[in-house]
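Keep in mind that the numbers below use all heavy atoms, side chains included, and drop hydrogens, waters and symmetry copies.
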Amino acid sequence: RDHMRDAPPRSAAPRRRGELFALAALALVLLAQLFFGERAALAADARVRPLVAGACGALGCSVPAWHEPAAFTMLARDVIAVPDRPGVLRVQASFRNDARWAQPWPALVLTLADANGRILGSRRFLPRDYLGPEPHPALLQPGQAGQIAFDLVEPAPDVVAFDFRFE
């Protein structure tokens, strides 16, 4: 016991620095886990997306595609009867991606109505429904326009009005 009293006191500074370094490293690991786990939600916010995309570019992670259906601008649209095919309607539309970032082709909701405004049919078309089997780019770049055309069976003979909505 006497020899312990005679020993010079050991400095706690190196030990404290090691603890602080370990604490900082654990905090960085926690932040990284939070970032990787929440990057999709963070990337959905237009204010934070550039930072998330930059960080993922540096770290090699991916950011989900931008999704802003309201940023699609309808340029032209039409639903017409196909002359040589009774009971078939041809749907044609062109639209542009006015979002700041590229985004996937939108889902298209088409509603058909009669002269009194009564809805005769409504359907949600996914890109695979209206693009067909041809290969198409997965994303529409900012400012890029897309054209679609497809046929569908007329739900009733009185269709005179139509409405398009993007989702």
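Judged purely by atom type and a 3.5 angstrom limit, His136 uses its side chain to pair as donor or acceptor with the backbone of Leu131. When atom types are taken as modelled, the side chain of Glu19 and the backbone of Arg16 share no donor-acceptor pair closer than 3.5 angstrom.
Both Leu112 and Met74 are assigned to one and the same hydrophobic cluster, defined by single-linkage of ILVMFWY side chains at heavy-atom distances under 4.5 Å. In this structure, Leu110 is a member of the same hydrophobic cluster as Val159, with clusters built from ILVMFWY side-chain heavy atoms closer than 4.5 Å. Cluster membership for Phe95 and Phe162, using ILVMFWY side-chain heavy atoms within less than 4.5 angstrom, is shared. Hydrophobic clustering, with ILVMFWY side chains joined whenever heavy atoms are under 4.5 angstrom apart, groups Ile148 together with Leu152.
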| task | Could you walk me through whether Arg49 and Val63 pass the side chain to side chain contact (heavy atoms under 4.5 Å, CB included) test, one step at a time? | result | CA-CA 9 Å; Arg49 186 175 181 84; Val63 177; 3.6 Å; yes
| task | For Trp66 and Glu68, run side chain to side chain donor-acceptor pair (under 3.5 Å): C-alpha distance rounded to whole Å, both residues' side-chain angles, the deciding distance at 0.1 Å, then the answer. | result | CA-CA 7 Å; Trp66 184 249; Glu68 185 182 1; 2.8 Å; yes
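Nearest heavy atom pair, residue Asn97 against residue Leu140, reads ND2-O, 2.8 Å. For the pair Val109 and Arg124, the tightest heavy-atom approach, listed with the atom from each and the gap, is CG2-CG, 4.0 Å. Taking both residues in full, the closest heavy atoms of Gln147 and Ser94 are given as CG-CB, 3.8 Å, listed atom of the first, atom of the second, then distance. For Gln92 against Ala149, the heavy-atom pair with the smallest separation is CG-CB, 4.1 Å. The two atoms that bring Pro142 and Ala102 nearest to each other are CD-N, 3.7 Å, heavy atoms only. Nearest approach of Pro155 to Leu120, heavy atoms of both residues: CB-O, 3.6 Å.
Legend: salt bridge (Lys or Arg N to Asp or Glu O under 4.0 Å) pairs involving residues 89-110, not counting sequence neighbours, sorted by first then second residue: Arg90-Asp151, Arg96-Asp98. Within the structure, ring pair (Phe, Tyr, Trp, His ring centres under 6.0 Å) pairs that include any residue of residues 138-161 comprise Phe125-Phe150 (at least two apart or interchain).
Residues that satisfy the salt bridge (Lys or Arg N to Asp or Glu O under 4.0 Å) test with Arg47, not counting sequence neighbours, are Asp45. Taking Trp105 as the reference, nothing meets the side-chain hydrogen bond (donor to acceptor under 3.5 Å, both in side chains) condition, with sequence neighbours excluded. Arg128 is linked by a side-chain hydrogen bond (donor to acceptor under 3.5 Å, both in side chains) to nothing, counting only residues two or more places apart in sequence or in another chain. When the side-chain hydrogen bond (donor to acceptor under 3.5 Å, both in side chains) test is applied to Arg165, the partners found at least two apart in sequence or on another chain are Glu167.
Leu75 CG: more than 12 foreign heavy atoms inside a 6.0 Å radius.
The aromatic ring centres of Phe164 and Phe166 sit 6.0 Å or more apart.
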